[in-house]
Structures are given as C-alpha cells and as structure tokens.
Engineer: 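One structure follows; several queries about it will come next.
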Amino acid sequence: MKYLEIVELYDRLAGTTKRLEKAEILADFMRLHAKFGTDTSWLYLLLGRVFPEYDTRETGISRQLALKAIAYASGENEFKVQKFFTSEGDLGEVAEKFISGSKQKSLFEKEELKAMDVIETLRKISEIEGKGAVERKLDMIKGLYSRASSREALYITRTLVSDLRIGIASALVLDAIARTFFENDASARALLEEKYLMSNDIALIAGCTSVEKLSKITLQPGKPSQVMLAVKVADINEAFESCGKPAAFEQKYDGFRMLIHNAQGEISLFTRKLENVTSQFPDVVEAIQKNVYGKSFIIDSEVVGYEPKTRKYRPFEAISQRIRRKYSISELQKELPVEINVFDVLYYNGKSTMELPFQERRKLVEKIVTTKPFIIRPAIQIVTESEKEAESFYHEALDIGEEGVMIKRLDAPYRFGRYVGYMAKLKPATNDFDLVIVGAEHGTGKRAGWLTSYIVACRDGDKFVEVGRVSSGLKEKEEEGMTYEEMTKLLRKIKISEEEGIIRVEPKLVVSVTYQNIQPSPAYTSGYALRFPRITAYRPDRSTEDIASLEDMKKVFKKDK
Ligand code: ATP
C-alpha cells in the first residue's frame, strides 16, 4: 500500500467530526484493501503508531529532535524552523512548510513511499542507541523526508512525535471492522472488543474476517492483555447487590497491578499500561520461579512494598521508584522489597482459565502458589453472605492500613475492562483524582532550578482540560518518593513549548491529586478548579485513559453543592 493512500485517508477522516461518517470512510477503505488481500499493518499508522499496541515502545523522537531533523533535511536555519513552530504549535505543519518541494529530486524521480517503508524506518529509528545515535536518527529521518511529498512529511512527522491529531481511537477502527466484515452485527462487535482487549493488536484483529477466525485469538503468555477493572460501591450492602451473595471479599492492597506471565519458564511482568517491567523486578521473577507451580501461566496480582526492617507496608508512592528506576536495581530491591499478592489466574498450562467461575480460579491460585511471608501469597480472602462479617473484614483491612476491600462475584468469568457485578471496590470516600500534567513552571529561591508548579488536567472526550495548578506534595529526597528534581527531568523530556515562563508538555505524566473541594473557575479551560490540591503520588503505572473525566468533576461538584 502506498503511504500516500494513508495520507489521503487521514485527510478524509480529519475532514469530519462525525463518528459514524468516520467509521464509514474507514470501512470503505478497508473493504477495498481486503479485496487485494493487503497486509493489515497499515492500521498501526492509523492509530498514530508503528508498533502493535501490546508493544509499548515509542519512536523516541522528542519535539526538539524532530525540529532539528526538519531543519537538517530542508537545509533551513534551525532558529527559523523553531520560530515557525512556536507560532504554529504543530510540528506536522512545520514539516509540511519546510519539506515541501524538497530540493533533492523531482516528484517523478522519487521512489514511491510505501506504508511499510514508513513503519519499518520508524521502527529502526526507535532501536538506534549509543554513540552517534542522534546523527544516525537524523540521517534516517532525512532519508524518509527526501522521498516524501509535503503532505506525507506532515503525517510522518506527527507519527514520529506520537501526535497524529486526527482523533482515531481503536474503538472507531473496531466499528469499521464490524461494518466491513460482520454486517455491523452487535455480538460480533462485542467479540471484536473482547479479542482486541486480549491481544492489543489492531492489525491482528483486522486480519480476522470471520467469527471463526476471531475466536481463534487466545491469550499468549509473554504478550500483555488488558485487565479486569472494578466498579465503585458505597457500602457493604451495595457490594452484595453488585456481586451477589455470598461474595468474596479481599483486602485492597495499596501497590500496583502486575500481570505475571510465564511462557515455558520465561517470566515477564507487565503493568496495567502493558509496560514490560521485568528488568526492574528480578526479585519478583525469582519469587515466581520458586513459588508458583506450572509450565505456563498468566496470573493477576497487586505488588506491594514494605519497609525491610519493620516489615510495615508502604504506600504506593514509596515503591513507585521500583517501576521508574532502570539502574542500581539490586540495591533498590534491598531497600524496597515487595510482596506479591496473587488474586487471579487467566491462563494455566496451555489453556485459558478466563471462562472458569472466579471461585474455581481462586482454588487454582491457592493450589499453584506456595505462600512465603513477605514474598508471595494468595490475596487474603473471606467468602461470606453476612453483612456483619463483611463489615468487620472491611474495618480490619482499614485498621491495618489497607485502602479498603475488593468484592468479587463467585460465579463470574474473568473479563477485560469494567464489568458491572464481576468485581467491585469499597474504600472510604477521599477527595482525589488521577490527573495528567500538561504544563509546569519553575520554582523560586532554593528550588529555582526545578519545575515545581504543575498545571493538571482531566479528560474531556479526546481532549484534556485544565483543572488547576498544584505545587505541593513532591519530595526533597529520593527515599521519600518522587522528587522535584526527577519530575523536572521527566517534564523537560516531553516539553512542547515555553512561553511567559510556562512550559507546555505532552500529556503523559499521571499524578494522584487530593484536594479540599471543587469550585467553578474561569481561570482553567475545564471551567472548574481544585482548591488546595496536593500531589500524593506519581503514577507511572497509569495512562491518560485512566484519569478522571470532566464528567467525574461535575458529578463531585454537584454532590458537594
Ligand atoms: P480502577 O483500577 O478500578 O480503574 P483505580 O485505578 O483508581 O481504579 P483503585 O480504585 O485503587 O484503582 O482500585 C482498583 C485496583 O486495586 C486494582 O486495579 C488493583 O490494582 C488494586 N487491588 C488491590 N488489591 C486487590 C485485590 N485483592 N483484587 C483486585 N485488585 C486489587
């Protein structure tokens, strides 16, 4: 497939805001290419990616480097290119302006750019490391530009910096697949969704043109899937209403979700963002090898940190370093040991166990996991139909410092996403939201070198809208959690622009923020502001899909009023 065809498709999709129209445009395009038996990898490009979604690698090109590449390839002055970017704010348009009519060759002489050329080159660029890496990356980008028309250069650049700007979500692609191959049938659409959440690979799904083929997609140890999520309940009664009676109650540990895969002895560890964290947790790998029986499996767990001397559990913020830190891992592992609380099993010795009722899966967990105090254990659980018993289990959990309890329906299968009635969470009401940082400002005095004040935003559909500015909660010392210094480094890497002292950054870093209350405010694009916000944790394990929505804000505001 020619890259130009994709570019024309992008333009057509960007030309309408109506979801249905977008799905139809896409379905027509797919129908045409299905006839030719075209490889479906081009769909990654449509999602603004070059790797499958289960592979969280990125092209690793910062905006600054992309600007350099545009200047280098076009022979323009870097300062001029930067200036145009500051006024336009879209690197794609910068590329379109400066790469247009590139001087090297005429259009007819150019070798036609294929979709796969773009995918493969961008994949190669992401792998370049070591000495001279920047120069080699610049040369490869220049090579691509030299074969591209100005419009192609626009989309290549947006893909390079992971900012496609045409709002194609995977759900829309699934709609289009349902239209193309399944006559828009509702049950087929549900199956598409399930298999997508299982495989996280849009090209694989698009290659399945029948229910039979779709059904053959299975879990594969080593390849991350999404996880089952919980609904919120307000009290024990609601918990029973949601999950039935009797139900299982488990402690809700304050750590982070870890999916542990064993593919014939090869252990890999994934966060719920599908990020592979195996190299950060050699202690977990060892604990699994020694204490979980089976040739192949996928288990679901919460990993919690504790103080090695006192064996007191520590809040997530304290162990989040274990996810972030990529060096001196063995020292950190001694300072911040973790315990694995296994609460589910999705796959065992060659077979999916997702369809088994939860109580059967739990029995399997108990059978295969050898309890080793402060290393690994099945999550602490009771099964009860008594409100009194459930209530006291909940209070005991709170007394020992856990966040609350999780409630699970005994006869439910494992499902990806948020299934009402399969799993619920009960915790005391707190004023907190997960939000994303979209901007930052420098501190003053002692903290002048650091970015210490952050503009945070919630979701509003595909967009992010600001809800406040937060400047407290981070730490001075690394042992206590995320420091201003570390946050500053992370923010500088994703900087988009700087104006009047405010640095704009890509919406990537998720933080948990507590606040006193919400009030209407014209100062922020959401129309609301959090009063007295404070960061309680940086959440490298969460993505912007997990953050609070504007709807959530409005609901809380109304309730408080
Ligand atoms: P959600 O995960 O439901 O979107 P959230 O991200 O705010 O919400 P929580 O409100 O903390 O997370 O609740 C769910 C999370 O609790 C799970 O994703 C899991 O990481 C954690 N958890 C702790 N203990 C358990 C347990 N025993 N069973 C299931 N999940 C548990």
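What you see is a predicted model; the values in this text were computed from it and never measured. In listed order, ligands and their atoms are each counted from 1. Just so it is clear, the values below take in all heavy atoms, side chains as well, and ignore hydrogens, waters and symmetry mates.
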Engineer: State whether Asp541 and Lys273 are salt-bridged, where the test is any N-O pair (Lys NZ or Arg NE/NH1/NH2 against Asp/Glu carboxylate O) under 4.0 Å.
Structural biologist: no

Engineer: Would you mind running through ligand 1 and noting each atom that sits below 4.0 Å from a heavy atom of Lys427?
Structural biologist: 9 (P), 10 (O), 11 (O)

Engineer: Going through the checks in order, is the salt bridge (Lys or Arg N to Asp or Glu O under 4.0 Å) test met by Arg539 and Asp546?
Structural biologist: CA-CA 10 Å; Arg539 303 288 329 203; Asp546 302 322; over 6 Å; no

Engineer: If you measure from each heavy atom of Lys232 to ligand 1, is any distance below 4.0 Å?
Structural biologist: no

Engineer: Counting only heavy atoms not in Glu307, do more than 12 sit closer than 6.0 Å to its CD atom?
Structural biologist: yes

Engineer: Among all protein heavy atoms in this structure, tell me which lies nearest to atom 4 (O) of ligand 1, with the distance rounded to 0.1 Å.
Structural biologist: Arg418 NH2, 2.9 Å

Engineer: Which heavy atom of Gly404 sits nearest to which heavy atom of Tyr394, and what is that distance?
Structural biologist: CA-CE1, 3.9 Å

Engineer: Quick check: are there more than 12 heavy atoms from other residues, nucleotides or ligands sitting under 6.0 Å from CZ of Phe374?
Structural biologist: yes

Engineer: With a 4.5 Å cut-off on side-chain heavy atoms, are Met258 and Val277 touching?
Structural biologist: yes

Engineer: I need the nearest protein heavy-atom contact for atom 25 (C) of ligand 1: residue, atom name and distance, please.
Structural biologist: Met406 CG, 3.5 Å

Engineer: For Arg49 and Asp55, which heavy atoms make the closest approach, and how far apart are they?
Structural biologist: NH2-O, 2.9 Å

Engineer: Among Glu302, Glu403, Lys408, Lys252, which residue places a heavy atom closest to atom 28 (N) of ligand 1?
Structural biologist: Lys408

Engineer: Considering residues at least two apart in sequence or located in another chain, which fulfil the side-chain hydrogen bond (donor to acceptor under 3.5 Å, both in side chains) criterion with Asp344?
Structural biologist: Arg361

Engineer: Considering non-hydrogen atoms of the protein only, which is the closest contact for atom 7 (O) of ligand 1, and what is the distance?
Structural biologist: Arg542 NH1, 3.6 Å

Engineer: Quick one: does Gln381 get within less than 4.0 Å of ligand 1, heavy atoms only?
Structural biologist: no

Engineer: Checking the N or O distance criterion of under 3.5 Å, is ligand 1 in contact with Asp434?
Structural biologist: no

Engineer: Got a list of side-chain donor-acceptor pairs under 3.5 Å for residues 243-253, not counting sequence neighbours?
Structural biologist:
residue, atom, partner, partner atom, Å
Lys245, NZ, Glu387, OE2, 2.9
Glu250, OE1, Lys408, NZ, 2.8
Glu250, OE2, Gln381, NE2, 2.9
Lys252, NZ, Glu403, OE1, 2.7
Tyr253, OH, Ile380, N, 2.9

Engineer: Where's the contact between Glu250 and ligand 1, heavy-atom distance under 4.0 Å: side chain, backbone, both or neither?
Structural biologist: side chain

Engineer: Students should be able to answer this: which protein heavy-atom is nearest to atom 1 (P) of ligand 1, and at what distance?
Structural biologist: Lys425 NZ, 3.4 Å

Engineer: So if I count the atoms of ligand 1 from 1 in the order they appear, which ones are less than 4.0 Å from some heavy atom of Leu229?
Structural biologist: 2 (O)

Engineer: Which atoms of ligand 1 sit under 4.0 Å from any heavy atom of Arg272?
Structural biologist: 1 (P), 2 (O), 4 (O), 6 (O), 18 (O)

Engineer: Among all protein heavy atoms, pick out the one at the shortest distance from atom 18 (O) of ligand 1; state its residue, atom name and that distance to 0.1 Å.
Structural biologist: Arg257 NH1, 2.9 Å

Engineer: For ligand 1, which atoms, with element, lie under 4.0 Å from some heavy atom of Ala230?
Structural biologist: 3 (O)

Engineer: Is the contact between Tyr253 and ligand 1 made by the side chain, the backbone, both, or neither, using heavy atoms and a 4.0 Å cut-off?
Structural biologist: both

Engineer: Among Glu53, Lys195, Gln226, Lys223, find the residue that satisfies the side-chain hydrogen bond (donor to acceptor under 3.5 Å, both in side chains) test when tested with Asn200.
Structural biologist: Gln226

Engineer: Look at ligand 1 and say whether Asp546 reaches it with a heavy atom at a distance under 4.0 Å.
Structural biologist: no

